[in-house]
Structures are given as structure tokens and as C-alpha cells.
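Counting starts at 1 for both ligands and their atoms, following the listed order. Everything quoted here is computed from the prediction, not taken from an experiment.
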Amino acid sequence: MISQDVIHSLFLPALRIKQDVLPGRYTQLWFQADQVGEYLPECAEFCGTDHSQMGGRLVVMEPAAYQQWLNGAATDETLAGRGARLFRSYGCSGCHEGDSSVRAPQLAGVYGRTVPLSDGGTTIADESYIRDSILMPKKQVVAGFQPLMPSFQGRIGEEDLIALIAYIQSLGRSDEVSR
Ligand code: HEC
Ligand SMILES: [Cu+2]
């Protein structure tokens, strides 16, 4: 989860779960819903004048019903599929694929890998690293590459970022990290 503006907090009282949703940083929440039904989330962090208007719904379904819902979904494009399209439209593929004039790392298998950095350190390529690589490419430069990637800060919204990350994840993950 991530916020495009201020801190919110996803609260599902019926499930006894609550997690802050921050701008600029992904947070996660795991839960097991064991009863089919609809649950209403609330925002548990005062976030502005429309705080009380923050709505949504969590629908818990039996696996078969979920499959049926998936099959009937209005769009057949997956998140990763949309990311693949954006990867071309934002011009990422121009550097990261095929015979580009700029030497850029291949992104297949990068997700989950330990990346060596030009400052001599290393980092794990998780969702946050990939997000930062897109918005602040100069913050952590991959060892052996020039800092030639432009920043996409302000040009790519959170939803497109999530799709791009899903696409990069779909290119395969490294088995180096065991969870
Ligand atoms: C002008 C060429 C260029 C463009 C356009 C570009 N990149 Fe990059 N990218 C690079 C280079 C060079 C590096 C390695 C240096 C660095 O880390 O900044 C890199 C690094 C990365 C990394 C880290 C890779 C690793 O092995 O750790 C990711 C992820 C990434 N780019 C994603 C993207 C995405 C997504 C886009 C499009 C929104 C994009 N790039 C657009 C040149 C580019
Ligand atoms: Cu809120």
C-alpha cells in the first residue's frame, strides 16, 4: 500500500486489522479472512477535510466465486501486462531492452536479487528499491553503470508505478533471497 498525499490508515474493524498507509513508502498487511462477506474499511488516521468520506469495500469470496469473478472481469489485462505497456510508453524499453545506445542493466531476474552499488555497498531489489530506482535513480546507482537514467519523479503516478513494478517482478525473480 502507498499514499499519493498524506498518511492514512487502513482499518478493518471486523477483521481487527489496521496498518498505516504512507506517502513515499510501501507498507504491507497480511491477514486471513475466514468468513465470506463484505467488510467496510475506515481510515483511522485523520487525513484532511474528507477524512470521513474515505470509503471502499473488502469483498471476501470462496475461491470458486473469486475465480468466476476474475473470469468475468471487465478487462483481461493483468497488472503486469499494463506495466509492460507502460514500460514501452514511458521509454524504459529504449534503454533497458535490446541494442540501446545507453548501456543499462537488463531487468530480467532483478527482483529479489542482491544488487551491487557503485558506492561499494549492496542492496536487495525489493519493491521499494525498484520504486526508488525509477523516481530517484541517482540515489543508488548499479555498480558498473553510469548514472544516465533520468528521474521520473512527478511524471509517473503511484498506480503506474505499481504496474511497472509488477511487470519487472513478472520478468522473474532471483532465488538468491530466501524468505
Ligand atoms: C536513458 C536510459 C534509461 C531510461 C530511459 C530508463 N533507464 Fe532505468 N536505468 C538506466 C541505467 C543506465 C541504469 C543503471 C544506473 C543506475 O542505477 O542509475 C538504470 C537502472 C534501473 C533500475 C535498477 C536496475 C538494477 O539492476 O538494479 C531499474 C529498476 C530501472 N532502471 C527501471 C527503469 C524503468 C521502469 C524505466 C522507465 C520508467 C527506466 N528504467 C528508464 C537507464 C535508463
Ligand atoms: Cu484517510
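Scanning all protein heavy atoms for the shortest distance to atom 27 (O) of ligand 1 gives Y129 OH, 2.5 Å. Among all non-hydrogen protein atoms, the one lying nearest atom 17 (O) of ligand 1 is V142 N, 3.0 Å.
With a 4.0 Å heavy-atom cut-off, ligand 1 is reached by the backbone of Q146 but not by any atom from C-beta on.
In the vicinity of V110, heavy-atom distances shorter than 4.0 Å reach the ligand 1 atoms 25 (C), 26 (O), 27 (O). Taking every non-hydrogen atom of L148 and a distance limit under 4.0 Å, the qualifying atoms of ligand 1 come out as 1 (C). Taking every heavy atom of I156 and a limit of under 4.0 angstrom, the matching atoms of ligand 1 come to 38 (C).
Residues E97 and R88 are not paired through a salt bridge, judged by the lack of any N-O separation under 4.0 Å between the basic side chain and the carboxylate.
Protein N/O/S atoms found under 2.8 Å from atom 8 (Fe) of ligand 1, listed by chain and residue number: H96 NE2, M149 SD. Around the Cu ion (ligand 2), protein N, O or S atoms at less than 2.8 Å comprise H8 ND1, C43 SG, C47 SG, M54 SD.
Within the structure, ligand 1 lacks A125 among the residues with a heavy atom less than 4.0 angstrom away. Proximity of K138 to ligand 1 is not established, as no heavy-atom distance is less than 4.0 Å. Within the 4.0 Å heavy-atom shell around ligand 1 one does not find L86. Not a single heavy atom of Q106 sits under 4.0 Å from any atom of ligand 1.
Side-chain contact, Q169 with Y111: a donor N or O sits under 3.5 Å from an acceptor N or O. When only modelled atom types and interatomic distance are considered, D126 and S128 share no side-chain donor-acceptor pair under 3.5 Å.
The closest non-hydrogen atom to atom 41 (C) of ligand 1, taken over Y90, F152, Y167, comes from F152.
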Give every donor-acceptor pair under 3.5 Å between a side-chain atom in residues 48-66 and any protein atom, sequence neighbours left out.
residue	atom	partner	partner atom	Å
H51	ND1	E45	O	3.2
H51	NE2	C43	O	3.4
R57	NH1	E38	OE1	3.3
R57	NH1	E38	OE2	2.9

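Listed by chain and number, the residues in a salt bridge (charged side-chain N to carboxylate O under 4.0 Å, His left out) with D20 amount to none (sequence neighbours excluded).
For R82 and Y167, the positive end is not near the middle of the six-membered ring at less than 6.0 Å and at most 45° from its axis.
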